[in-house]
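Quick caveat, the model's predicted, so the values are computed rather than measured. Side chains included, hydrogens not; waters and symmetry mates left out as well; all remaining heavy atoms used. Each ligand, and each atom within it, is numbered from 1 in the order the structure gives.
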Amino acid sequence: MTTSVQPLRVALLGCGVVGSSVATMLVTQAQDLHERVGRPLELVGIAVRRLDRDRATVPVDPSLFTTDAAELVTRADIVVEVMGGIDPARELILSALQHGASVVTANKALLAEDGPSLYAAAHENGVDIYYEAAVAGAIPILRPIRESLAGDDVRRVLGIVNGTTNFVLDKMDSTGAGLTETVEQAQELGYAEADPTADVEGFDAAAKAAILASLAFHTRVSGADVHREGITEVTAADIQAAKDMGCVVKLLAICERTGEPGSGDDGVNVRVHPAMVPRSHPLASVREAYNAVFVEATAAGELMFYGKGAGGDPTASAVMGDIVAVARHRVSGGRGPGESAYAQLPVHDIGKASTRYHISLAVADRPGVLAQVASVFAAHGVSIQAVRQQVVGGDGEEHAAQAYLIVVTHTAPDAALTATVEALSDLDTVTDVVSVMRVEGS
Ligand code: HSE
C-alpha cells in the first residue's frame, strides 16, 4: 500500500536504443518502482537532439521531449544520461550534480576520460553518480566489485567486455573466415556499427577496463593509462594456431596487480589486447556477442559474471537498477559509496605485465636454426615451454618448402618478450615473424 507523496523527478538525456527502453520501463513499471523506492518516479522530460523523429513506440506524453537539455537538468532529482559522447554530456552531468540531482550514466568514454571530476562534483554536492551500465551492459559487475568485494583483495579482473569483437572472433573461430569479411557480416547482422573503430580498435574495451581497474584497485586509472591493441591484426591463421594449441582467441580487458605488496614493484597494470585463452578456461565458452568478467580475489577465489553486454533492454536493466539505488538514497537521506582512490597505486606500463607468448616464425630450414632461435630466448631470460616445427609446401622448385617454428613461452615480463621478438626479427635465419600473440588464463 503506497501513500500519496511527492514524486522524484527523473530527467532522461538521450532517447536512442537504451533511452527508449529506460523511458518505457519507467512508465510501464511505475507502480512497482514506486513500491521499491518508497516514492513515485516521475519522468519529467527527455532531451533529444531533434524533435522531428518518430518516437511513437516510446509510451510517453510527446510533450516530454525537449531539445533544451541544459534547462531540463535543472528541474530533476535524478538525471539519467544515455546520450553518449564526451560533450555536451560532461557539462550536462556537471550541471545536474551542481543543481543537486543524482546522476545515472552509461557513458564509459566520459568516465574513463574524466571520471574523477564528476565523482568530485557528486561528492561536493552530496549526491550520487552511478554507472553500472557503463561496463558490460546488463551484467552486474561494478556493484559487486565496489560493494560485495569491498572487504576482499581483488588481484585480477579478466573481461570480455566488448560484444562486437567477441562476436567477430567467435565467428572467425567457427567458420575459419578472415577478419574483414567477418566484420562485414557482423555489420549486416547489426552486431557491429557502420564505423566499427571504437570496438575493433579496442577503445570501448579500454574505457571499460579503466573503470573496472579504478574500482577494483582503489586507484585512479584513466583510458590513457590502458595499453590498447584491438583485433585488426588477428588473422584466420592466428585463430587456427590457437585451435592447434587448444585455445580460442578473445579480446581481453585485463586489470591486474603487479608485484607483491611492499615489494616496491607493487602497482597495477591495465591492458586490452587479443589473447589466446585455453578452451578449458570459463572465458573461452563465452560465445557470440555475450560478455563475461572473471574476477580473482584473495579470499573469494575465482568468480565469473556473464550476460548480455549491449542492447537496449539489457543496458536499460542496469540503468534502472541504478535509478532505483540512487532514488532509495534520496528517500532515506543517505548516499551510496563515492569514489575510492585511496590506494593510489602506480599504474605500470605493459612492460611489467607477466604474460606468455605464442610466436610463429618463418625460418630457414637448415642445421643450427633452432639452437640460434632458442639462444635468443635464453639471452632475454625467457623460458620456452614448447616448440613445434611445421613445414609447408615443398612440391617442386616453384614451391620450395617453408619451415615455421611455433614457440610458446613460459610467463615472463612483457618487456623481455618484446625485446626477444625484436631480436628474433633481426636474425638472418628468421625470414618473418609471422605472428605474436599473448596467452592468458592458464
Ligand atoms: N559496442 C559495445 C559492444 C557495446 O560491442 O560491446 C557498448 O559498449
Side-chain angles (χ1 to χ4, degrees), residues 13-22 80-86 89 104-113 115 130-142 157-172 179 182-215 223 226 228-232 234 249-255 270 272-274 283 286-294 305-322:
L13 307 182
C15 197
V17 183
V18 178
S20 47
S21 286
V22 171
V80 181
E81 186 274 308
V82 285
M83 64 201 301
I86 303 297
V104 173
T105 176
N107 197 328
K108 68 223 74 164
L110 176 57
L111 293 169
E113 181 173 306
Y130 269 41
Y131 45 94
E132 183 65 65
V135 180
I139 304 174
I141 181 61
L142 303 188
V157 180
L158 279 180
I160 295 173
V161 291
N162 183 268
T164 304
T165 46
N166 202 53
F167 179 87
V168 168
L169 294 172
D170 184 48
K171 280 285 168 279
M172 288 174 74
L179 182 90
T182 312
V183 170
E184 283 168 6
Q185 191 197 357
Q187 285 170 320
E188 280 161 23
L189 293 170
Y191 285 105
E193 305 272 349
D195 177 1
T197 310
D199 295 316
V200 299
E201 298 282 5
F203 289 103
D204 176 78
K208 293 166 179 170
I211 295 168
L212 286 167
S214 301
L215 288 174
V226 181
R228 176 188 54 80
E229 296 169 35
I231 63 165
T232 49
V234 178
V249 176
K250 296 291 187 193
L251 182 71
L252 294 183
I254 302 173
C255 316
V270 190
V272 167
H273 54 69
L283 286 176
V286 179
R287 306 284 311 270
E288 303 197 326
Y290 277 85
N291 282 196
V293 183
F294 189 79
F305 302 81
Y306 171 87
K308 287 187 177 158
D313 286 349
T315 309
S317 167
V319 170
M320 292 301 298
D322 278 356

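Minimum heavy-atom separation, A133 to D322: N-OD2, 4.3 Å. When all heavy atoms of V82 and G14 are compared, the pair lying nearest together is CG2-O, 3.7 Å. Closest approach of L110 and G85 over heavy atoms only: CB-O, 4.4 Å.
Not a single N or O atom of N291, backbone or side chain, sits closer than 3.5 Å to an N or O atom of ligand 1.
Contacts of K208 with ligand 1, taken as heavy-atom pairs under 4.0 Å, involve the side chain alone. With a 4.0 Å cut-off on non-hydrogen atoms, D204 touches ligand 1 through its side chain and not its backbone.
Taking every non-hydrogen atom of K108 and a distance limit under 4.0 Å, the qualifying atoms of ligand 1 come out as 7 (C), 8 (O). Counting the atoms of ligand 1 from 1 in the order shown, those under 4.0 Å from a heavy atom of G163 are 3 (C), 5 (O), 6 (O). Atoms of ligand 1 found under 4.0 Å from any heavy atom of A310 (numbered from 1 in listed order, with element): 4 (C).
The protein atom (non-hydrogen) at minimum distance from atom 1 (N) of ligand 1 is D199 OD1, 2.9 Å. With respect to atom 5 (O) of ligand 1, the closest heavy atom belonging to the protein is T164 OG1, 2.5 Å.
Side-chain atoms of D195 and T197 include a donor-acceptor pair closer than 3.5 Å.
When atom types are taken as modelled, the side chain of Q187 and the backbone of A192 share no donor-acceptor pair closer than 3.5 angstrom.
Among pairs with a residue in residues 307-316, those fulfilling side chain to side chain donor-acceptor pair (under 3.5 Å) read S21-D313, at least two apart in sequence or across chains.
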